[in-house]
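A short worksheet on the structure shown next.
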Amino acid sequence: MRTTLLFAIMLLFFACNNPQQKKEQDTGYRTIEGQTMGTYYRISYQDSLDRDIQTEIEKSLAELNGELSTYDSTTLISDFNQSTAIQFNVPMRARHFLANLNKSAQVYRSSDGAFDPTVAPLVNYWGFGYTGSKPITEVDSTKIKESLNLVGMSKLNWTTRGDSVLIHKQLPGIKLDFNAIAPGYAVDELGRVLEAERIYNYLIDIGGEVLAKGQNPQGKDWVLGITIPKEGAESSEIQTTVPLHDQALATSGNYRKYYSVKGEKYSHTINPKTGFPERSKLLSATVIAPDAMTADAYATVCMVLGLEKGLALIESLPNLEAYFIYGDPKGAMLVKYTSKFKDER
């Protein structure tokens, strides 16, 4: 186990109303904060030149959201979702959109369809998508079946043609939602921005999707806290801490984003095969990976698959680790983790 010093990060962070900056004295670190993708971002970085990079960060995030935000009707993904044509042309310069599309297809295949951004119509139906929050009061099985007909990455095909990529939809109503992978991608992209400026010691956090590189202000590995997955839990209620060395971490859970109707609880994790919010004993899944995009996607996969299948999948994939918190029939919280998680911590 590496020697580490706990540094207040990840879920101990707070969202800010306006972009802010502060400098940590005597360490050469700066911290910048702001809003993006419907949540907060927070970046701590060491720069020997003491540069203010907030403008570059904001510019990069604006470019990302211009391609990936489903909440802005003028973005590329919104154009795709609003199009009634079965063919859609994406310029090669739209690298953010294409990166998310290609990575989603990869994770879709490796998870046997548990990860699927074409689940968008179902996410909207259940009131967790870009069409607005509207809790379901009566489940309409016909509408769910109709939406399921539009789900499946295998119903999309794309080919490169010159300076563009042509996407073919089997059905014109197929839509995309990258919200289960785009935050992680954004974290990685900001890491690329920092490293282009020769900044190599940093921590980037967008809504709990985290990338840690180099060392923290104390010259140690970064250490992240995983909160206890229970309703109303404070960010300071930590289940465990995890040291990271040039790694990313993402946690997914159903204990915060949900609603209840007539005693039934509906969570935001929609199973793309059943069309219903996933219910299992798994309360949260934390995945550690070389990059935040991968960690983000597979944390969602684990919540869809459940404890046993999620654990088996992560064990079978290289360079991934996972920490699961689940409930037993008596209401107690228990933990399981992949074999490498304990060995490398």
Side-chain angles (χ1 to χ4, degrees), residues 100 103-123 125-126 128-129 144 147-148 150-155 176-185 208-209 226-227 229-230 239-240 242 248-258 265-329 333-342:
N100 280 264
K103 182 68 172 184
S104 293
Q106 176 189 332
V107 180
Y108 171 82
R109 291 190 296 269
S110 69
S111 66
D112 192 27
F115 184 87
D116 192 338
T118 66
V119 77
L122 286 164
V123 176
Y125 170 78
W126 288 103
F128 296 106
I144 292 174
S147 295
L148 274 172
L150 301 173
V151 174
M153 282 291 284
S154 60
K155 296 175 182 177
L176 288 168
D177 186 338
F178 291 135
N179 286 330
I181 194 170
Y185 172 81
E209 322 298 341
I226 300 173
T227 57
K230 67 178 182 180
Q239 172 74 26
T240 190
V242 182
L249 178 150
T251 297
S252 184
N254 290 327
Y255 55 98
R256 283 186 173 153
K257 195 172 181 180
Y258 68 91
K265 184 181 289 187
Y266 299 102
S267 72
H268 74 287
T269 301
I270 310 300
N271 188 316
K273 294 189 176 182
T274 67
F276 283 80
E278 185 59 31
R279 296 179 182 178
S280 74
K281 62 184 177 182
L282 184 57
L283 302 175
S284 74
T286 297
V287 174
I288 298 170
D291 60 273
M293 191 182 198
T294 298
D296 196 5
Y298 279 103
T300 297
V301 167
C302 290
M303 292 306 300
V304 171
L305 292 178
L307 177 62
E308 288 77 13
K309 291 182 179 180
L311 178 63
L313 177 63
I314 300 301
E315 287 279 23
S316 72
L317 297 171
N319 303 317
L320 296 186
E321 306 167 39
Y323 183 92
F324 303 96
I325 305 176
Y326 65 100
D328 72 2
M333 286 190 189
L334 304 174
V335 300
K336 276 190 177 182
Y337 38 78
T338 51
S339 56
K340 289 185 290 185
F341 184 92
K342 185 176 181 180

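All values below come from the heavy atoms of this structure, side chains included, with hydrogens, waters and symmetry mates left out.
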(Q) Can you see whether Ser280 engages Tyr326 through a side-chain donor-acceptor pair at a distance of less than 3.5 angstrom? (A)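 Looking only at side-chain atoms, Tyr326 and Ser280 do not form any donor-acceptor pair under 3.5 Å.
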Q) Salt-bridged, Asp116 to Lys155, with N to O below 4.0 Å? A) no
To check you understand the geometry: which heavy-atom pair defines the closest contact between [X] and [Y], and what is its length?
{"X": "Ile314", "Y": "Cys302", "result": "CG1-SG, 3.7 Å"}
{"X": "Ala180", "Y": "Thr300", "result": "CB-OG1, 3.7 Å"}
{"X": "Ala289", "Y": "Leu320", "result": "CB-CD2, 3.3 Å"}
{"X": "Glu321", "Y": "Lys340", "result": "OE1-O, 3.9 Å"}
{"X": "Ile270", "Y": "Val304", "result": "O-CG2, 4.2 Å"}
{"X": "Ala114", "Y": "Pro272", "result": "O-CG, 3.6 Å"}

Q: Kindly determine whether Ile181 and Phe115 satisfy side chain to side chain contact (heavy atoms under 4.5 Å, CB included), including the steps that lead there.
A: CA-CA 10 Å; Ile181 194 170; Phe115 184 87; 3.8 Å; yes
Enter the distance from [X]:[atom1] to [Y]:[atom2] here, rounded to the nearest 0.5 Å.
{"X": "Leu282", "Y": "Lys336", "atom1": "CG", "atom2": "NZ", "value": "11.0 Å"}
{"X": "Leu305", "Y": "Thr269", "atom1": "CG", "atom2": "OG1", "value": "11.5 Å"}
{"X": "Phe324", "Y": "Met303", "atom1": "CZ", "atom2": "CE", "value": "9.5 Å"}
{"X": "Leu176", "Y": "Asn100", "atom1": "CG", "atom2": "CG", "value": "10.0 Å"}
{"X": "Met333", "Y": "Ile325", "atom1": "CE", "atom2": "CD1", "value": "7.0 Å"}
{"X": "Thr251", "Y": "Glu209", "atom1": "OG1", "atom2": "CD", "value": "7.5 Å"}

Q) Taking only residues two or more places apart in sequence, or in another chain, which ones meet Lys281 in a salt bridge (charged side-chain N to carboxylate O under 4.0 Å, His left out)? A)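 With sequence neighbours excluded, Lys281 shows a salt bridge (charged side-chain N to carboxylate O under 4.0 Å, His left out) to Glu308, given in chain and number order.
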Where the side chain of [X] meets the backbone of [Y], is there a donor-acceptor pair that is under 3.5 Å apart?
{"X": "Gln239", "Y": "Pro229", "result": "no"}
{"X": "Trp126", "Y": "Gly275", "result": "yes"}
{"X": "Thr338", "Y": "Ala322", "result": "yes"}
{"X": "Ser252", "Y": "Ala285", "result": "no"}

Q: Applying side chain to side chain contact (heavy atoms under 4.5 Å, CB included), run through Thr286 and Val242 and close with a yes or a no.
A: CA-CA 10 Å; Thr286 297; Val242 182; 5.6 Å; no
Q: Before giving the answer on side chain to side chain contact (heavy atoms under 4.5 Å, CB included), spell out for Val119 and Asp177 the whole-Å C-alpha distance, their side-chain angles and the decisive distance to 0.1 Å.
A: CA-CA 7 Å; Val119 77; Asp177 186 338; 5.7 Å; no
Q) After noting the C-alpha distance and the side-chain angles of Tyr108 and Thr118, does the key distance pass the side chain to side chain contact (heavy atoms under 4.5 Å, CB included) rule? A) CA-CA 10 Å; Tyr108 171 82; Thr118 66; over 6 Å; no
